2 protein chains.
Amino acid sequence: MGRKRSNKPTSFDIAYIAGVSQPTVSRALRGSRSVSLATRQRIEAIARELNYSVDKNASSLRSQRSNTIALLFFEEPGPEESTINPFFLAMLGSITRSCASRGLDLLISFQKMEDDWHVRYQDSHRADGLILLGYGDYTLYEQRLTELVDHGTHFVRWGSVRADNIGPTVGSDNFGAGQMAGEHLLSLGRRRIAFLGQADEHYPEFADRYRGLCAALGQGGIASDPALQCDALNFEDAGSDAVEALLATGAQFDAIFAASDLIAIGALRALAAAELKVPADVAIVGFDNQPAASMSNPPLTTLMQDLKAAGELLVETLLAQIEDRPLDNRTIPAQLIARRSTLG
Amino acid sequence: MGRKRSNKPTSFDIAYIAGVSQPTVSRALRGSRSVSLATRQRIEAIARELNYSVDKNASSLRSQRSNTIALLFFEEPGPEESTINPFFLAMLGSITRSCASRGLDLLISFQKMEDDWHVRYQDSHRADGLILLGYGDYTLYEQRLTELVDHGTHFVRWGSVRADNIGPTVGSDNFGAGQMAGEHLLSLGRRRIAFLGQADEHYPEFADRYRGLCAALGQGGIASDPALQCDALNFEDAGSDAVEALLATGAQFDAIFAASDLIAIGALRALAAAELKVPADVAIVGFDNQPAASMSNPPLTTLMQDLKAAGELLVETLLAQIEDRPLDNRTIPAQLIARRSTLG
DNA sequence: ATATTATGCGTATACGTATGCCTTCTTCCT
DNA sequence: AGGAAGAAGGCATACGTATACGCATAATAT
């Protein structure tokens, strides 16, 4: 039965007990070299005994550094209101761990791209920097990013890594992954490969995947047929709609590369409805290796991104940005997970 | 091209421009009634124009209230290191939104139950309170909870709602849900229903579900057979192991109620391996309505918890706790989602 | 008319820490 | 021995806000 209103010990209390001044306590606990080893150990012992912990608000206020970063998810433009992209959710785990291992606190928030999210974090000293996750309308996104840069706000973004990006960006090697998907399908003898996903520059990651696919086709001596590219945003119904549209055009195809697993799963549904066998009639490759990908019927061949590396790199890049260290955009390789949707 | 080092405006700047004192600015922006309407509006206009935002650290330090809550996930004791229980992940979305709508910041973190997680948040004024999510060894959990209570730390916990809980608890109506599962299976003519999941009081939620099932059986005039209860922790392999163990005993059963979808999916795998048809030979009901539940083969009948209500209630209860308002443990009803794993 | 209360705002200060600067005491070099 | 340089720590103060208190002026009561 402890007191309800425990008087939290301060650095002054410790100083008094240790017979030193408050600043010395602060220096000792922060590991300053100008405190003797003996003094520091004495102070540390007292701190431990009192169950002291540094007041975060005071510390952040004084040092103007919160050791906190904010993770902002942007909701998809798709129809579902409440569901969050599972890929980003998975990334959350990895980012959280990266922060924890560096002693950083992590603030998280979901935003609509249209909202004034940039206002809430920039000046309030809530966070030292932002990690931005989410696709969405790239034109609007670019505008926001420009505002952040102009304002001097620190941030990293997950997305398509290009030379002319606004602000530092970390992302998968989407081009390389698209190539792998293409090569995989070519090696299985497929020649007419459809791409389900936006291929325009408003959706740069999808576009990169498509360009990778085209590159693989080119190397295989096959011209890519624009009729086999079919727009789809990142949700399941978009996938089935796209397949239906493709079938309606009468286009011939023996494989599909879907820009995401969600799209691929929708596509599977539409193919089943059209009585097409997977992979006998149509082989299909997804992207993201979501949990659902191994549960689908048949299990989905897909491209797995290294989430652990991704989270690590995001945090590392953001810190570099905050501490004004030089930083280089970097790309994370993907890996093909072959399952029965292509292997049969 | 904004300045990199923008001199953030303070309440003093606003005061100067408005021709009032700094405290008046503070009062105006916080909506104190002791500032005249005219003055307040003038101040608000200036603040908007300067893009002013209250410094969170200073505000929290002075008021001793951070308007931040921390969400702590406890990792499963199971084998997977990096994966997070999808149910809690889904809850995250709902909690985030509840916080956002109340203007609260949300700090998140994953912990091992063994860690000293209670130290980091209690005194540092990082957060006003904690939301605890996760199962795990209940004995250890209880010990930690007692420490929190003794220390006067505010928290709410997701779990089994009982009269003798340590600290406020919000949870699904696991007993009622277990009953629904039982009634559903009984109504389909099943009589020998196995339960996969821990049924002892170290895992109170699973135990509640089991008791609910037994109650339904009792009302149907059927004695529950202890031989049909088979321990399983919350991961996939536990489900298949349990089914294999059950089959090995030679026990007869025509239905399974699994304590979670993960367990159910593992069970499906083992049943398929044993060449048992679902639902013809064995009907199966899961719990959680995870995304994967609709993807399995056959799609899984399961119990859906109202996550939106859950998040809302967790936050509401925590705030009540923080503000010392009276609070009552409350329970959230579940809903049965019937799919082909029972309907055929 | 005087006593009373409410309104609107300024004064002073506290919240708890981190850091620039200065002082003291050693140590070491020439 | 004298002075320079380094080690260890104290002193003063700043970070930006919120709030207890007091003081006018105005409104109301008696």
Side-chain angles (χ1 to χ4, degrees), chain A residues 5-44 46-47 50-68 103 105 122-128, chain B residues 5-44 46-47 50-68 103 105 122-128:
Chain A
R5 198 71 215 147
S6 61
N7 270 4
K8 193 169 82 70
T10 72
S11 51
F12 281 98
D13 299 328
I14 297 182
Y16 179 77
I17 298 174
V20 297
S21 68
Q22 177 270 330
T24 298
V25 172
S26 174
R27 281 190 277 251
L29 294 179
R30 313 212 73 229
S32 159
R33 289 201 315 106
S34 74
V35 174
S36 73
L37 183 64
T39 306
R40 175 186 326 162
Q41 287 177 339
R42 187 156 36 99
I43 289 175
E44 280 168 348
I46 297 172
L50 293 190
N51 237 308
Y52 169 80
S53 76
V54 174
D55 185 298
K56 190 181 177 196
N57 301 128
S59 172
S60 298
L61 173 60
R62 173 61 230 238
S63 66
Q64 301 290 68
R65 169 122 193 217
S66 63
N67 283 310
T68 301
D105 285 329
Q122 5 200 31
D123 293 320
S124 63
H125 283 202
R126 272 177 168 68
D128 298 330
Chain B
R5 198 67 216 148
S6 62
N7 271 3
K8 193 168 84 69
T10 72
S11 51
F12 281 98
D13 298 328
I14 296 181
Y16 179 77
I17 297 176
V20 297
S21 69
Q22 177 270 329
T24 298
V25 173
S26 174
R27 282 189 279 248
L29 295 179
R30 312 210 76 230
S32 159
R33 289 200 317 105
S34 74
V35 173
S36 74
L37 183 65
T39 306
R40 176 188 323 164
Q41 288 178 338
R42 189 154 37 96
I43 288 174
E44 281 169 347
I46 297 172
L50 293 190
N51 237 307
Y52 170 81
S53 76
V54 175
D55 184 299
K56 185 173 183 204
N57 300 128
S59 171
S60 299
L61 173 59
R62 175 59 231 241
S63 67
Q64 300 289 67
R65 168 123 194 216
S66 64
N67 282 310
T68 300
D105 286 329
Q122 353 201 39
D123 292 321
S124 63
H125 283 197
R126 274 178 167 68
D128 298 330

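Computed from a predicted structure; not experimentally measured. First the proteins, then the strands, lettered A, B, ... as listed; each starts at 1.
Note on A/Ser26: a base of the nucleic acid sits closer than 4.0 angstrom, heavy atoms only. No contact: B/Ser60 has no heavy atom under 4.0 Å from any strand. Backbone-only contact: A/Val20 has heavy atoms under 4.0 Å from sugar-phosphate atoms and none from a base. When heavy atoms are screened at a 4.0 angstrom cut-off, B/Arg27 is found touching base atoms of the nucleic acid.
In terms of position along DNA chain C, the nucleotide closest to B/Leu37 lies nearer the 5' end than the nucleotide closest to the other residue of the pair B/Leu37 and A/Pro9. Mapping B/Ala58 and B/Ser36 onto DNA chain C via the closest heavy atom, the residue that lands nearer the 5' end is B/Ser36. With DNA chain D read from its 5' end, the first of the two nearest nucleotides for A/Val35 and A/Pro23 is the one closest to A/Val35.
In this structure the side chain of A/Leu29 reaches within 4.5 angstrom of the side chain of A/Tyr52, judged on heavy atoms. A/Lys8 has its side chain within reach of B/His125: a pair of non-hydrogen atoms, C-beta onward, lies under 4.5 Å apart. Contact of the B/Lys56 side chain with the B/Thr68 side chain is registered, since non-hydrogen atoms from C-beta on lie closer than 4.5 Å. Considering only heavy atoms from C-beta on, A/Val20 comes within 4.5 Å of A/Val25 through its side chain. Inter-residue side-chain proximity for B/Ser124 and A/Ser53 is flagged as met; some heavy-atom pair is nearer than 4.5 Å. Two residues are said to be in side-chain contact when any heavy atoms from C-beta on lie closer than 4.5 Å; A/Leu50 and A/Ile14 meet this criterion.
For the pair B/Arg40 CZ and C/dT7 C1', the interatomic distance rounds to 14 Å; values are reported in whole Å. Atom CZ of B/Arg42 and atom C1' of C/dG8 are 12 Å apart (whole Å). In this structure, B/Arg30 places its CZ atom 18 Å from P of C/dC9, rounding to the nearest Å. When the P atom of C/dA18 is taken as reference, atom CD1 of A/Ile14 falls 11 Å away, rounded to whole Å. For the pair A/Asn67 CG and C/dT17 P, the computed distance is 15 Å after rounding to whole Å.
Chain A approaches DNA chain D within less than 4.0 angstrom (heavy atoms of the protein), and the contacting nucleotides run 5' to 3' from D/dA8 to D/dG16.
Note: B/Glu44 CD to B/Thr39 OG1 = 11.0 Å, rounded to the nearest 0.5 Å.
In this model, the phosphate group of C/dT11 is not approached by any side-chain N or O of B/Ser21 to a distance below 4.0 Å at OP1 or OP2. An OP1 or OP2 oxygen of C/dT17 is reached within less than 4.0 angstrom by a side-chain nitrogen or oxygen of A/Ser11.
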